[in-house]
2 protein chains.
Amino acid sequence: MVSMVHNHLLFIKTIDNMPKNIPINSKRVTIKDLAKELNTTTSTVSRALHGHGTISEGMKSKVMELAKKRNFSINRYAANLRSGSSKTIGVIVPRINRDFFSNCIAGIEEVTKGAGYSIHIAQSHDILSNEKEIIKSMIESNVCAILISIGLQTTEKSHLDQLSYYGIPFVFFDRAISESSYNRVLIDDFKGGYLATKHLLDMGYKNIAHFSGDQNLEIYQNRTKGYLAALEHHGIPFNDELISKQCLTSDCGEMSIERMMNLPNPPDALFSSSDYSALGALLFLKNEGVKVPEEFGIVGFSNESFTSLVSPPMTTVDQHSIEIGKNAAFACINILKNTNKVNTTSNIVIEPSLIIRETSNRFKTKHNRPNDI
Amino acid sequence: MVSMVHNHLLFIKTIDNMPKNIPINSKRVTIKDLAKELNTTTSTVSRALHGHGTISEGMKSKVMELAKKRNFSINRYAANLRSGSSKTIGVIVPRINRDFFSNCIAGIEEVTKGAGYSIHIAQSHDILSNEKEIIKSMIESNVCAILISIGLQTTEKSHLDQLSYYGIPFVFFDRAISESSYNRVLIDDFKGGYLATKHLLDMGYKNIAHFSGDQNLEIYQNRTKGYLAALEHHGIPFNDELISKQCLTSDCGEMSIERMMNLPNPPDALFSSSDYSALGALLFLKNEGVKVPEEFGIVGFSNESFTSLVSPPMTTVDQHSIEIGKNAAFACINILKNTNKVNTTSNIVIEPSLIIRETSNRFKTKHNRPNDI
DNA sequence: TTGAAAGCGCTAACAA
DNA sequence: TTGTTAGCGCTTTCAA
């Protein structure tokens with residue numbers, strides 16, 4: 001009988017009872033076992049398994065063969081304890097189900113794999129206490145380095161200082177602490193915000209609203225700065241009523257745009273620092289019968305895959321997420337290679353691209369093609 | 001100078017050079033250090049840190065205080081090597097960026113955390129060799145158990161047999177090997193397929209096409225069986241030309257529906273085992289001017305978040321992903337608790353729910369509300 | 001090229 | 001309640 005979650009959604013249909021998963025080997029084969037069987041020593045077996053040091057071809061193949069035959073599996077804990085290195089890099093993101101972050105991870109995986117490191121993925125769910133726990137656990141597990149995109153709540157950095165204390169290098173990607181003395185791989189968020197806003201102005205929209213995220217995160221600050229700069233370059237004064245600075249979700253997007261549309265002088269366009277809140281606005285406007293892009297232009301940020309699927313397809317800023325991940329991993333591996341040598345800090349900035357789709361293209365100009373799934 | 005990825009998408013804007021991340025402590029504090037400083041032994045310190053065994057309150061607080069002061073961090077490798085247990089559960093999914101899987105993981109996280117286990121997340125990208133490598137690495141890292149949703153290519157199970165060999169229990173969730181002798185947490189895919197198809201028939205659609213996935217995966221087989229059963233119950237013969245069995249992507253969905261619409265007797269509805277291929281069909285039909293749901297009904301499968309965002313919002317089958325994750329984790333922890341006791345196999349089946357949105361609702365009946373982001 | 005020996009940091013049985 | 005002792009499985013220095 002298994003324990004079950006009681007829930008109206010659930011229905012336990014069948015519960016079989018039969019013996020299963022009985023350990024066939026209660027004790028794992030160790031290099032000591034292999035050594036004994038081959039009348040040699042553990043050091044020789046260890047050398048043979050790694051091809052390290054000096055080892056005769058004959059002994060090597062004998063060991064390899066027996067290891068296979070006995071289904072030997074190395075004990076990483078023992079190896080890492082002894083060698084002092086885990087060959088593991090920790091990766092921390094707010095959430096794994098955002099296309100942006102999962103693409104970063106894909107890039108990281110590719111590079112770290114090539115360099116012989118494995119990764120440990122963890123998500124903070126944007127909760128600071130989770131982030132702290134994850135870092136604590138990663139220190140305990142002796143990760144060689146950490147790649148991190150911080151959570152929305154991360155205003156203090158004591159847990160990151162811990163990493164420095166333990167000599168564990170870390171590289172921020174995308175969401176970073178605002179200090180260039182850290183290793184960071186960012187996109188040029190200012191430029192992203194500028195391009196997006198300028199594009200709306202070029203399309204003839206006049207009164208451009210803006211959603212952004214918590215301004216203690218540099219990325220949102222910079223997207224907002226880009227927005228303001230574009231307005232300024234066009235000689236348009238900004239209107240505080242048209243800015244919503246804690247608006248990253250679909251729900252918030254709906255509410256914010258509803259409020260703004262009821263202003264005496266409502267906006268005719270929106271640049272949002274988040275695809276999700278841009279989507280909320282789009283859904284609200286469609287529901288109200290406001291025509292997008294004819295009467296209202298929208299540009300989001302991140303190129304989440306749904307942006308190409310909604311109707312009309314949404315203009316957005318692509319962050320080259322895979323490249324961000326690759327660069328962060330490269331920077332990290334470089335640091336690991338150069339430990340004890342000259343320490344350098346890398347601040348890599350990647351250029352964003354505006355992907356023009358239909359929500360902003362009121363003249364139906366042909367632009368670059370939307371991305372498909 | 002840091003290494004960089006050369007790519008036309010990239011632009012390395014700034015590269016600072018300044019010393020950073022110099023290890024402050026080249027040597028970590030161990031329990032031995034703490035013991036020496038307190039004039040006691042490592043065993044006492046160990047006991048104090050865990051609250052295990054017998055320890056005086058005075059000694060305990062003295063140890064805790066010093067540990068904090070010296071910024072002590074336990075070495076998990078040493079602890080696990082000695083104790084023989086990692087208190088870690090491996091989680092393997094095809095891809096982390098599917099809402100379905102990330103929700104499963106959220107459910108798993110919740111339950112395992114409560115039980116004192118941490119998880120290691122890995123994605124196979126639906127590639128068998130990756131899956132094998134991940135399992136190998138997890139065996140080496142001595143995970144206590146594995147929760148796995150197998151990849152599309154996983155037709156043989158030698159790597160899973162390895163787990164049994166090493167006595168590592170594993171639980172399948174959603175995508176499983178078709179043998180009830182394994183621990184599995186599934187949804188009733190047959191019922192999901194049946195409900196979806198019956199709903200389309202109830203809505204008056206007559207000629208229902210079907211997309212599914214590789215039939216060596218039981219889940220797709222069963223969704224297809226549900227589809228066929230619903231047709232049969234309505235006395236409708238199935239038409240092989242209206243079934244596409246390797247159709248899980250948006251691209252494939254577009255191509256398949258295009259082919260079918262050119263048949264002498266084209267379909268007027270679609271039940272797809274994948275939201276993605278359903279989406280491809282929807283995009284194609286909209287583009288062709290076919291009215292959904294008036295002229296063509298569509299039901300997808302999985303309740304991916306984009307299904308509520310597309311226009312019109314898509315009817316789909318929800319799999320209660322969080323519940324699946326929770327149940328899989330519960331089953332797993334139960335097995336771990338009962339090691340050496342009676343071994344039971346759990347086959348838990350969760351009921352799917354049809355979420356009726358607009359792509360199938362040609363009479364504009366009020367149904368349950370679509371999910372929001 | 002191989003072996004001997006030490007020990008990574010911790011836990012846990014046993015003794016005091 | 002605390003200390004003694006052994007050793008988890010591996011790597012690595014040094015010696016042969």
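Chain A is the first sequence line, chain B the second, and so forth, proteins listed ahead of strands; every chain is numbered from 1.
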- Candidate nucleotides D:dT11, D:dG9, C:dT11, ranked by approach to the side chain of A:N75 - the nearest: D:dG9
- Query: Taking 4.0 angstrom as the limit, do B:K132 and B:E156 come out as a salt bridge?
  - Reply: yes
- Kindly indicate whether a cation-pi arrangement holds for A:R184 with A:F173, taking the cut-offs as under 6.0 Å to the six-membered ring centre and within 45° of the axis. no
- Between B:R95 and B:D126, does at least one N-O distance fall below 4.0 Å, as a salt bridge requires? yes
- Minimum-distance nucleotide (side-chain atoms of A:A79 versus D:dT11, C:dT2, C:dG9): D:dT11
- Item | Whole-Å distance separating the CG atom of B:N80 from the P atom of C:dC10 | 11 Å
- Between C:dT2, D:dT2, C:dG9, which nucleotide gets closest to the side-chain atoms of B:T40? D:dT2
- Message: Do B:E323 and B:I348 make a side-chain contact, defined as non-hydrogen atoms from C-beta onward lying under 4.5 Å apart?
- Response: no
- Message: Within the 3.5 Å criterion, strictly below it, is a donor on B:Q123 or B:N130 matched to an acceptor on the partner's side chain?
- Response: no
Atom pairs under 3.5 Å, N or O on each side, protein against nucleotides 12-15 of chain D: can you list them with distances?
from: D:dT12; atom 1: O4'; to: A:R82; atom 2: NH2; distance (Å): 3.3

- Message: Can you tell me if A:T54 touches the phosphate of C:dT2, counting only side-chain N or O atoms and a distance under 4.0 Å to OP1 or OP2?
- Response: no
- Between A:S43 and A:S46, does any side-chain donor sit less than 3.5 Å from a side-chain acceptor? no
- B:E65 with B:K69: basic N within carboxylate O range, under 4.0 Å: no
- Item | A:R76 charged N/C atom sitting above B:Y77 aromatic ring, 6.0 Å / 45° | no
- Return the angle between end axes of the helix from C:dT1-D:dA16 to C:dA16-D:dT1, with five pairs used per end and rounding to 10°. 30°
- May I have the distance from A:I139 (atom CD1) to C:dG9 (atom P), rounded to whole angstrom? 16 Å
- Query: Between atom OH in B:Y166 and atom P in D:dG9, what is the gap in whole Å?
  - Reply: 13 Å
- Task: Would you please confirm or rule out a distance under 4.0 Å between OP1 or OP2 of D:dG3 and any side-chain N or O of B:T41?
- Result: yes
- Item | Heavy-atom closest contact (B:A328 atom, B:L147 atom, distance) | O-CD2, 3.6 Å
- Message: Nearest whole Å is fine: how far is C:dT11 P from A:Y77 OH?
- Response: 13 Å
- Rounded to whole Å, CD of A:E140 lies from P of C:dT11 at a distance of 11 Å
- Message: Output the rounded distance in Å from CG (B:L38) to C1' (D:dG3).
- Response: 15 Å
- To the nearest Å, give me how far apart NZ (B:K32) and C1' (C:dC8) are. 10 Å
- Item | Spacing of A:L81 atom CG relative to D:dG9 atom P, expressed in whole Å | 12 Å
- Residue B:I55, side-chain heavy atoms: nucleotide from C:dG9, D:dT2, D:dC10 that is nearest: D:dT2
